[in-house]
Amino acid sequence: MARNDTRPVVTLRSMAGTGHTYVTRKNRLNDPDRLVLRKYDPVAGEHVLFREER
C-alpha cells in the first residue's frame with residue numbers, strides 16, 4: 001500500500017522561549033483545530049507547550 005505524503009508539514013515552536021522547534025507531518029488522527037501540543041524541549045529540560053505554525 002502506497003504511503004500518503006499529502007499531509008502538510010507543521011512547524012512546532014517552543015513557547016518556553018528557547019527557540020527549539022520540531023518539524024513534523026500533521027497527523028490527521030489528531031484534532032485538526034488544536035494549535036498547541038505538549039512536547040519535550042531539551043533546552044528547557046522539560047515538557048512545555050509547543051505552538052503550531054501553519
Side-chain angles (χ1 to χ4, degrees):
M1 182 150 76
R3 187 166 175 206
N4 185 355
D5 288 326
T6 61
R7 291 181 296 167
V9 173
V10 174
T11 301
L12 298 172
R13 186 175 304 279
S14 176
M15 297 175 68
T18 61
H20 192 79
T21 59
Y22 286 96
V23 177
T24 182
R25 288 196 175 273
K26 185 77 177 153
N27 182 353
R28 74 176 75 122
L29 296 177
N30 286 344
D31 179 3
D33 295 325
R34 183 167 61 176
L35 293 174
V36 291
L37 296 166
R38 275 182 72 78
K39 292 182 74 67
Y40 183 74
D41 186 337
V43 180
E46 60 185 354
H47 282 79
V48 296
L49 289 177
F50 277 72
R51 180 169 294 283
E52 289 186 6
E53 292 186 351
R54 302 181 183 196

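Fair warning: this is a prediction, and the values are worked out from it, not measured in the lab.
Rounding to the nearest 0.5 Å places CD of Glu52 at 9.0 Å from OG1 of Thr24. Note: Leu37 CG to His47 NE2 = 11.5 Å, rounded to the nearest 0.5 Å.
When all heavy atoms of Phe50 and Thr21 are compared, the closest pair comes out as CE2-CA, 4.5 Å. Annotation for Ser14 and Val48: closest pair OG-CG2, 3.6 Å, computed over non-hydrogen atoms.
Connectivity analysis of hydrophobic side chains (ILVMFWY, heavy atoms under 4.5 Å, direct or indirect) links Val36 to Met15, Leu49.
Under a hydrophobic-cluster definition in which Ile, Leu, Val, Met, Phe, Trp and Tyr are linked whenever side-chain heavy atoms come within less than 4.5 Å, directly or via other members, Val10 and Tyr40 are assigned to the same cluster.
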